[in-house]
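Reviewing the structure listed below.
Numbering of ligands and ligand atoms starts at 1, following listing order. All figures in this text were calculated on a predicted structure; none of them were measured in a lab.
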Amino acid sequence: MRLAHSSKSSREQWSGKLGFILASIGSAVGLGSIWRFPFIAGENGGGAFVLIYLVCILLLGLPVLLSEIVLGRTALRNPVGTYRKLAPGTPWFLTGFIGMAATILILSFYSTVGGWTLAYAQKALTGSFSQIGINQAEAGFGSLIGSPLQPILWQAAFLILTAGICIFGLQKGIERTTKFLMPLLGVLLIILVVRSVTLPGAMEGIKFILYPDWSHVTLTTFFEALGMAFFSLSVGAGVMLTYGSYLSRKESIPSATGNIVVFSTLVSLAAGLAIFPAVFSLGYEPNTGPPLVFITLPAVFAQLPMGGVFAILFFLLLAVAALTSAISLLEVPLRYLEDEHSWSRKKSTFIVGGIIFFLGIFSTLSFNTLSGVQLIPGLPVFDSMDFIASNVLLPTSGLLTILFAGWKWGVAKLLRESRGDHEAGFPLETAWGFIIRWIAPVLILAVFAFQVISSFI
Ligand code: PFF
């Protein structure tokens with residue numbers, strides 16, 4: 001039996017499997033995967049962490065990713081409409097709203113950092129990093145984020161770029177852009193990896209990420225890897241469900257999912273190989289997040305021969321990675337308003353973009369004017385938004401998604417629908433059914449409990 005298709009015959013589809021896969025990798029590979037993954041890997045036993053991460057991807061990331069894509073393609077709807085269609089008259093549609101709230105919140109603070117990446121790309125292009133040392137780099141970053149107006153303007157520019165792509169719709173906007181940007185990202189990354197690993201003393205950085213050191217593996221390592229598998233694959237927010245709703249039934253979802261996972265992981269590893277050998281080679285301490293990218297790396301580039309060029313390439317890479325994740329986040333509410341409320345894409349883009357910008361201003365101001373304001377005790381506005389979206393909303397809607405797929409809708413239907421028009425099943429279906437029903441939900445609950453508990457102690 002095939003479930004009825006949407007009455008909306010005008011609904012756009014990806015032009016092919018490649019467009020879908022590139023856009024999904026674009027969503028997965030972002031600020032989180034580039035500046036968090038390599039460092040967390042390095043701190044938690046390098047290759048040992050990478051192995052644990054791969055197991056977490058298999059037991060948690062893949063099942064949720066697969067479920068989201070299948071649900072979206074079956075219902076041909078946004079996240080809210082998908083649950084309304086597959087479980088009419090039940091409260092399951094709230095799962096869609098939780099995911100959508102996460103996308104709006106994530107984009108509002110993601111655009112703060114997206115704005116910084118654009119500011120740094122511009123600084124790199126004008127050669128501002130050519131002579132700086134670590135102290136000047138620190139002062140430069142402090143003065144960018146410490147002034148109220150400048151980062152808001154960069155944030156606006158980042159959101160205008162994001163909205164400017166989404167407003168053109170699926171094929172002309174998202175697909176065309178990601179088909180151009182993802183290969184560009186690949187080329188930039190390869191150039192940066194080659195430069196970094198051929199520096200004298202690079203081996204220490206390579207070892208930091210890849211050498212399996214089991215003595216650094218603790219219980220925390222497992223939770224870090226689980227949480228990372230979730231955020232870095234963009235699952236839980238309904239992004240992949242929405243992207244799946246544009247996928248033709250001709251495509252087999254398990255194989256597409258495999259491609260997305262393999263390439264996203266390779267990019268995260270390559271990001272590590274582009275960053276840490278250079279950092280170690282020049283004698284800096286490895287770190288993570290904004291300090292790594294906006295303070296350590298400019299100082300590293302300043303010392304490299306032709307460092308100015310590599311700085312331009314790196315900040316372009318980061319801006320591209322952030323942008324392709326941002327468009328996937330914006331697409332979720334846009335799709336919802338078009339499907340459920342028949343808004344035009346123009347109207348939804350302007351209004352949702354405006355709301356996200358408004359919310360985002362508070363997260364940007366939390367580094368200067370609003371630095372004393374805390375939404376959650378102990379956490380400034382930016383960190384509070386991150387905590388609510390990444391540690392509460394994402395795992396909640398991810399857990400509900402997998403429970404819906406495995407128990408309410410049913411594994412048999414899920415696996416059958418995942419094949420699309422293909423008759424053949426995929427290997428180890430029974431094992432997958434077990435993972436989806438039992439293992440993935442228990443693991444999500446474990447991550448949830450760990451993240452909430454660890455952020456309060
Ligand atoms: N995966 C993106 C990153 O690693 O930066 C972040 C992200 C995008 C998370 C989209 C969730 C999401 F729905």
Side-chain angles (χ1 to χ4, degrees), residues 22-41 53 56-57 60-61 64-65 67-69 72 78-79 95-114 116-117 158 162 166 174 178 181-182 185 224-244 260-261 263-272 288-290 292-293 317-336 356 385-398 401 444 447 451:
L22 287 181
S24 305
I25 298 173
S27 173
V29 172
L31 297 167
S33 21
I34 291 184
W35 77 33
R36 240 176 86 73
F37 180 88
F39 178 75
I40 301 288
Y53 174 77
C56 295
I57 287 273
L60 178 66
V64 188
L65 184 60
S67 303
E68 280 202 28
I69 299 173
N78 61 88
T95 310
F97 277 118
I98 299 172
M100 201 158 63
T103 61
I104 292 174
L105 266 188
I106 294 178
L107 189 50
S108 61
F109 67 80
Y110 211 78
S111 59
T112 299
V113 187
W116 300 345
T117 64
F158 182 79
T162 308
C166 284
I174 298 179
T178 44
L181 289 182
M182 295 316 288
L185 182 135
E224 286 280 9
L226 281 171
M228 178 105 49
F230 218 77
F231 189 82
S232 69
L233 275 185
S234 302
V235 290
V239 162
M240 293 301 182
L241 186 152
T242 307
Y243 274 9
I260 297 169
V261 166
F263 281 101
S264 308
T265 309
L266 283 179
V267 171
S268 296
L269 277 176
T288 182
L292 167 71
V293 168
L317 170 95
L318 205 61
V320 166
L323 192 63
T324 52
S325 297
I327 55 182
S328 74
L329 288 161
L330 183 58
E331 183 62 17
V332 176
L334 300 188
R335 191 70 252 164
Y336 163 75
I356 291 172
M385 286 180 166
D386 183 11
F387 177 80
I388 296 168
S390 315
N391 294 13
V392 181
L393 298 178
L394 277 190
T396 306
S397 84
T401 303
I444 298 177
V447 184
Q451 285 183 338

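Sorted pairs that involve residues 95-106 and meet side chain to side chain donor-acceptor pair (under 3.5 Å), not counting sequence neighbours, are lacking altogether.
Applying the ring pair (Phe, Tyr, Trp, His ring centres under 6.0 Å) test to W35 and every residue at least two apart in sequence or in another chain returns nothing.
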Which atom pairs, nitrogen or oxygen on both sides, join ligand 1 and the protein at under 3.5 angstrom?
from, atom 1, to, atom 2, distance (Å)
ligand 1, 1 (N), S27, O, 3.3
ligand 1, 1 (N), A28, O, 2.9
ligand 1, 1 (N), F231, O, 3.0
ligand 1, 1 (N), S234, OG, 3.1
ligand 1, 4 (O), A28, O, 3.2
ligand 1, 4 (O), S33, N, 3.1
ligand 1, 4 (O), S33, OG, 3.1
ligand 1, 5 (O), L31, N, 3.1
ligand 1, 5 (O), G32, N, 2.8
ligand 1, 5 (O), Y110, OH, 2.6

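Rounded to the nearest 0.5 angstrom, T401 OG1 and E68 CD are separated by 5.0 Å. For the atom pair F263 CZ and L22 CG, the distance stands at 9.0 Å (nearest 0.5 Å). F97 CZ to L393 CG: the interatomic distance, rounded to the nearest 0.5 Å, is 13.5 Å.
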Output side-chain donor-acceptor pairs under 3.5 Å for residues 227-241, partner residues at least two apart or in another chain, one line each.
from, atom 1, to, atom 2, distance (Å)
S232, OG, Y53, OH, 2.7
S232, OG, M228, O, 2.7
S234, OG, S27, O, 3.0
S234, OG, S27, OG, 3.0

